[in-house]
Protein chains: 2
Amino acid sequence: MTKAAKFDRQAVVKKATDLYWEKGFHATSMRNLQEVIDMRPGSIYATFGSKEGLFKEVLQYYADMSLAQLTAYSQNTTSPINALKLFFNSAVIDSKHTAPSGMCMLVKTISELTDDNGELLSEAKRLLTVIETAMQDILNDAKKCGELSKGEDTARLARYLQMQLMGLRTYARANNSDVSVTELINDIFGNKPFLAQD
Amino acid sequence: MTKAAKFDRQAVVKKATDLYWEKGFHATSMRNLQEVIDMRPGSIYATFGSKEGLFKEVLQYYADMSLAQLTAYSQNTTSPINALKLFFNSAVIDSKHTAPSGMCMLVKTISELTDDNGELLSEAKRLLTVIETAMQDILNDAKKCGELSKGEDTARLARYLQMQLMGLRTYARANNSDVSVTELINDIFGNKPFLAQD
DNA sequence: GAATTTATTGAACGATTGTTCAATTTTAGC
DNA sequence: GCTAAAATTGAACAATCGTTCAATAAATTC
């Protein structure tokens, strides 16, 4: 008989991620989770400790996936800036249609939670800074290969990109038109816009 | 004897807004609400119908407040663009410290809710477009008084601003530094940044 | 001021929440 | 193949959820 696949923690975490991502922390019940990951309460608590414990592991998994995707784009193109643009398009357009929620799960989490779940809240914040740093690394690569002038402050640019990405994904969730969103991405990485005053 | 203040619906809605704004829809319990607005369940249900009914009224109240603030800034300055900038600063900086949550309540709502609360979700989306339109109106004023060139697409600019505001407030919640955020606002309304490519 | 309508109360409802744990099944060691 | 250890089960717990409604209080009408 085939060796039974031993308990696949990652597969379980992935399923939990989909549910938590879609419904958020509070609207997801343990009984919801039990069905989706096909485990009984005792096993879940033995493995993950609590609803919060599982959520924390889910946050880490989500961030790992995001970072992996960023790395993948970065390795498949010679242009770091283009890798970032692909990452943006993927996060905003694709994830809106295929992912459980168009929202970034980390943003959704810091938006939902309060100090009542302080550990989860600060963990989500921490992971967002990790991703911001990963974008900064790519911007530094862009400097090296001449896509970005040496004088640029990559920390500031990364912060700016992170903020844009938060706005984009949220805007995409609030509005149904994809074309507006594509326009917005082009605005960010390209041309103009702006309200320069005085 | 002084005429007893008749049931002050707005005062009640305001208190409910603060609680819902802070904790979100799901994490706010009716018993929480009962204490904060000092009404018994029967009265609440007679007046607002349900937890959702009260939340819907809260959303409307919140949007009204935002629009009123935008109008106030617009009337206190001769520069429409400056009015927008003041609105941004107020929404991002002030609200982070004084408001129940640094997040925009409408954004927080579309981030939290799913189709399980479809009416509340679409109402929040609708109110966001109302605010976007109000910003567009101000941009049109800016055109009239020469602050914006006649060729500008104010609908597109308003969309862009809305997206920026969503990103800014979310970023401000995720990070504690106010200076970074002020820098970001200056970037939006002013100078440069940018990753112009090809 | 009595009668009638309207508003308010708070105990109670059934459903669901996150979590526990004794009982059972599965695995591992020899 | 028997025994000890580890993992899994699912019924059950107390707490809390959103909501209802008969009983009471307040306001209004004539």
Side-chain angles (χ1 to χ4, degrees), chain A residues 1-13 15-59 109 112-121 123, chain B residues 1-13 15-59 109 112-121 123:
Chain A
M1 126 194 202
T2 71
K3 182 156 69 173
K6 69 168 283 236
F7 170 64
D8 189 343
R9 191 182 186 100
Q10 174 155 321
V12 165
V13 171
K15 286 179 193 160
T17 302
D18 286 347
L19 186 61
Y20 270 133
W21 190 0
E22 184 199 342
K23 319 222 336 166
F25 180 75
H26 283 113
T28 301
S29 73
M30 288 305 288
R31 285 174 174 75
N32 259 171
L33 278 166
Q34 289 166 36
E35 292 168 17
V36 166
I37 71 182
D38 191 32
M39 287 174 76
R40 262 39 65 197
S43 297
I44 299 179
Y45 279 82
T47 309
F48 301 103
S50 66
K51 187 185 182 187
E52 284 202 298
L54 176 51
F55 191 83
K56 192 170 177 181
E57 198 154 325
V58 158
L59 285 181
T109 299
E112 177 185 6
L113 297 186
T114 66
D115 287 336
D116 292 352
N117 303 100
E119 195 181 334
L120 295 179
L121 180 55
E123 179 66 3
Chain B
M1 119 187 195
T2 71
K3 184 155 68 173
K6 70 168 285 236
F7 170 64
D8 189 343
R9 190 181 188 102
Q10 172 154 323
V12 165
V13 171
K15 286 179 194 161
T17 301
D18 285 347
L19 187 60
Y20 270 133
W21 190 359
E22 184 199 342
K23 317 218 345 163
F25 180 74
H26 282 114
T28 301
S29 74
M30 288 306 287
R31 285 172 173 79
N32 259 173
L33 237 17
Q34 289 166 35
E35 292 166 18
V36 166
I37 71 182
D38 191 30
M39 287 174 75
R40 261 39 64 197
S43 297
I44 299 178
Y45 279 81
T47 309
F48 300 103
S50 66
K51 187 186 180 185
E52 285 202 297
L54 176 52
F55 192 83
K56 191 170 177 179
E57 199 154 324
V58 158
L59 285 181
T109 298
E112 176 185 7
L113 298 186
T114 67
D115 287 337
D116 291 350
N117 304 99
E119 195 181 336
L120 296 179
L121 180 54
E123 179 67 1

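Letters A, B, ... mirror the listed sequences (proteins, then strands); counts begin at 1. Small disclaimer: the values here were computed from a predicted structure and weren't measured.
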ask   = Tell me: CG of A:Asp38 to C1' of D:dT8, nearest whole Å?
value = 12 Å
inquiry  = So that I can tick it off, tell me whether A:Lys23 and B:Asp116 are bridged by a salt bridge, with the cut-off set at under 4.0 angstrom between side-chain N and carboxylate O.
reply    = yes
task = Mind calculating the distance between CG (B:Leu54) and P (D:dC17) to the nearest angstrom?
result = 16 Å
ask   = Tell me: CE of B:Met30 to P of C:dT9, nearest whole Å?
value = 14 Å
remark   = Result for side-chain contact (heavy atoms from CB on, under 4.5 Å) between A:Leu113 and one of A:Glu123, A:His26, A:Glu119 points to A:His26
query = In whole Å, what is the span from the CG atom of B:Leu33 to the P atom of D:dG18?
reply = 9 Å
message = Heavy atoms from C-beta onward define the side chain here; which of D:dG18, C:dT19, D:dT20 lies closest to that of B:Pro41?
response = D:dT20
request  = Grab the CZ-P distance between B:Arg40 and C:dG10 for me, whole Å please.
outcome  = 6 Å
request  = Using a 4.0 Å heavy-atom cut-off across all strands, classify B:Thr47 as base, sugar-phosphate, or nothing.
outcome  = nothing
message = Please determine whether a side-chain nitrogen or oxygen atom of A:Ser43 lies at a distance below 4.0 Å from atom OP1 or OP2 of D:dA7.
response = no
request  = Check B:Leu19, B:Leu54, B:Val36 against B:Thr28 for a side-chain contact (heavy atoms from CB on, under 4.5 Å) and give me the one that passes.
outcome  = B:Leu19
query = Can you check whether A:Phe55 reaches A:Asn117 side chain to side chain, under 4.5 Å on heavy atoms?
reply = no
task = Measure from the side-chain heavy atoms of A:Tyr45 and tell me the nearest of C:dT20, D:dA12, D:dG18.
result = C:dT20
key: Atom-to-atom span, CD1 of A:Ile44 to C1' of D:dT8 - whole angstrom   = 11 Å
note = Taken to the nearest whole Å, CD/B:Gln34 to C1'/C:dT9 is 11 Å
